[in-house]
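One structure below.
Counting starts at 1 for both ligands and their atoms, in listed order.
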Amino acid sequence: MIKVITYGSFDMLHYGHIRLLERAKALGDYLVVGVTSDDYDKVRGKINLQQSLMERVESVKATGIPDEVIIEEYEGQKIDDIKRLGIDIFTVGSDWAGYFDYLREYCQVVYLDRTQGISSSEIRSKKRSIKIGLVGEEEGRILNKYFDEANVVNGIHVSGICTINKKLREEIGERLSFVTDDYYALLDKSDAVYIISHPREHYDQIKAALLKGKHVLVETPITLHESQCAELFQIAGQNKLILMEALKTAYATAYNRLLLLIKSKKIGKVVSVDATCTSLREINPQNAGYNQIWNSICAWGPTALLPIFQILGTEYTEAVIHTYYYDKRNKFDAFTKIDFTYKNAVASIKVGRGVKSEGELIITGTKGYIYVPAPWWKTDYFEIRYENSEENKRYFYQLEGEGIRYELVAFSKAIDSGKNLAYIKENESLAICQIMNQYFEGKNIEII
Ligand code: CTP
């Protein structure tokens, strides 16, 4: 029996794929098809597949051509598969000609002519593109990144920018034709907006966008009041619109794996989550005033709160805030520490734009702990550590575009499918807003 193997993403299965599978099968008696996993595709730079791994596997199976379907998960797996399954022929389309010659050491390699005029990328790009408008005065770094990342994601393009920041207008304006300070004019030109204005302005801007039928991706925190956030989610739901919190760490692969490992009890029961995020960059209140710049709790609080609420839940019994002010009148904190008490656990965050500390995340469990080195919020690496250090494990996952790219992909998929695919649940977003509310209302807060 001659065994043949072929690999591919097989996204939105098309005629070219079917022809390839038929010819691959005709090369022998038994065909194995390797479908690439979502993670492996991310590593290969294919981040915007439209279908999940399971959907792709199902459609390959449904052709009735393969005898066996396997998942391709890691670099170098092809050699393992060929040996393990006793493969005689490896085959792929001619777009890969020469690339897999190194497999000739293990089996015969055949490149089949690629079918002209069709590809998954082409089908994906023909889909209606979502026009996203960028909004905000932020110093420019993040908006610029969103602009660059939006250009990488299939199915999204930037319709314009709304800002009163002159520097930003000049910088981004060079590359964009529509630059305005009129928010409503931008909304008219867009299907969706990404908002990174000061959190104080979020509520009005989000509401205006939703009421005009536009989807919203908003920099975290969504609002400074829990009740406002709940109202906005309700408006979005009623109007079948997507309202998503832009908190890029939630979309980082390493962070998501870490959550899964905790769920599978790798470190036993979690008793403490401690997260620190600081950035000591020059703050220049002369330009905008302290009421315009993001204070420490707004800039870093949501990121630091994310692992706490996602690991221990949002039902804490108490949160005590300790704050060191730069500018008390405008509630501009240089540093804030929050101590949480849960029924059977504790947690803490330390955030600051006027202090410097080690930006690490430590999750303490009854069997061991997880250590994520600084800067943990954009990590590609973490360790599980045990009493017996020989049992320690290291985990590495590639992170592209600080997570912004994956976040934009999730946003565009959510819009296409009409389902909220956010990695942050509504109750977690609400809990973040609740902490913002507590801070600004000065409840249970100690000044240091
Ligand atoms: N293939 C083919 N003819 C096409 C498209 C793909 O023979 N018109 C083959 C590829 O050479 C590969 C297999 O089908 O052996 C799976 O390819 P895949 O990368 O999943 O499909 P593409 O349409 O090329 O996807 P993309 O546009 O995302 O690269």
Side-chain angles (χ1 to χ4, degrees), residues 2-28 30-79 81-82 85 87-104 106-129 151-157 398 400-401 405-406 408-410 412-413 416:
I2 300 176
K3 278 183 119 180
V4 184
I5 197 161
T6 190
Y7 295 87
S9 317
F10 301 101
D11 188 29
M12 315 181 86
L13 199 83
H14 54 67
Y15 171 65
H17 292 143
I18 294 175
R19 276 201 66 222
L20 181 111
L21 294 176
E22 283 169 347
R23 287 174 293 153
K25 172 88 179 220
L27 289 174
Y30 189 90
L31 176 66
V32 183
V33 178
V35 180
T36 47
S37 71
D38 296 331
D39 278 346
Y40 183 50
D41 269 319
K42 272 188 195 170
V43 173
R44 306 195 302 151
K46 279 201 184 191
I47 51 145
N48 46 7
L49 299 192
Q50 295 300 306
Q51 293 184 300
S52 68
L53 171 63
M54 280 311 143
E55 287 168 327
R56 292 182 287 120
V57 165
E58 285 313 315
S59 51
V60 168
K61 279 188 184 161
T63 63
I65 306 168
D67 297 284
E68 188 178 341
V69 175
I70 60 168
I71 315 285
E72 184 183 24
E73 291 180 278
Y74 57 93
E75 190 96 49
Q77 184 182 323
K78 292 186 178 75
I79 298 176
D81 290 341
I82 290 168
L85 300 168
I87 299 294
D88 303 288
I89 302 174
F90 167 90
T91 186
V92 274
S94 51
D95 43 327
W96 295 101
Y99 191 85
F100 292 108
D101 287 356
Y102 69 92
L103 295 174
R104 290 193 197 280
Y106 309 94
C107 67
Q108 202 184 326
V109 174
V110 177
Y111 298 104
L112 291 167
D113 282 343
R114 187 180 162 92
T115 306
Q116 294 307 309
I118 187 158
S119 76
S120 304
S121 313
E122 219 177 290
I123 301 176
R124 284 194 294 265
S125 66
K126 278 203 187 115
K127 274 187 31 229
R128 193 181 68 97
S129 185
N151 287 326
V152 177
V153 176
N154 253 198
I156 286 193
H157 80 265
Q398 190 127 339
E400 303 289 349
R405 201 173 295 179
Y406 308 146
L408 287 170
V409 170
S412 93
K413 279 190 185 167
D416 284 342

Thr6-ligand 1 polar pair, N/O distance under 3.5 Å: no

Side-chain donor-acceptor pair present, Thr115, Arg19, cut-off under 3.5 Å: yes

Ligand 1 to Arg23 polar contact by distance, N or O atoms, under 3.5 Å: no

Val92, portion touching ligand 1 at heavy-atom distance under 4.0 Å: both

Plane angle bin for Tyr102 and Phe100 - parallel if under 30°, tilted between 30 and 60°, otherwise perpendicular: tilted

Numbering as shown, the atoms of ligand 1 that approach Ser120 to under 4.0 Å (heavy-atom distance): 21 (O), 22 (P), 23 (O), 25 (O), 26 (P), 27 (O), 28 (O)

Atom of Phe90, atom of Ile87 and distance for their closest heavy-atom approach: N-CG2, 4.4 Å

Contacting atoms of ligand 1, where contact means under 4.0 angstrom from a heavy atom of Ile118: 4 (C), 5 (C), 8 (N)

Any donor-acceptor N or O pair under 3.5 Å, side chains Tyr7, Asp81: yes

Geometric N/O contact Ser9 with ligand 1, under 3.5 angstrom: yes

From CA spacing to verdict: salt bridge (charged side-chain N to carboxylate O under 4.0 Å, His left out), Arg56, Asp38: CA-CA 10 Å; Arg56 292 182 287 120; Asp38 296 331; 2.7 Å; yes

Ligand 1 to Ser94 polar contact by distance, N or O atoms, under 3.5 Å: no

Phe10 and Leu21, any side-chain heavy atoms less than 4.5 Å apart: yes

Gly93 N/O under 3.5 Å from ligand 1 N/O: yes

Heteroatom distance test (His14, ligand 1): nitrogen or oxygen, under 3.5 angstrom: yes

Among Val4, Ile89, Thr91, side-chain contact (heavy atoms from CB on, under 4.5 Å) partner for Leu31: Val4

Short N-O contact, Asp113 and Arg23, less than 4.0 angstrom: no

Options Gln116, Arg114, Arg56, ranked by nearest heavy atom to atom 1 (N) of ligand 1, top entry: Arg114

Residues Asp88, Lys3: salt bridge by 4.0 Å N-O rule: no

Sub-4.0 Å atoms of ligand 1 with respect to non-hydrogen atoms of Phe10: 16 (C), 20 (O)

Part of Asp95 within contact of ligand 1 (heavy atoms, under 4.0 Å): side chain

Interfacing atoms of ligand 1 (cut-off 4.0 Å, heavy-atom, Ser119): 23 (O), 27 (O)

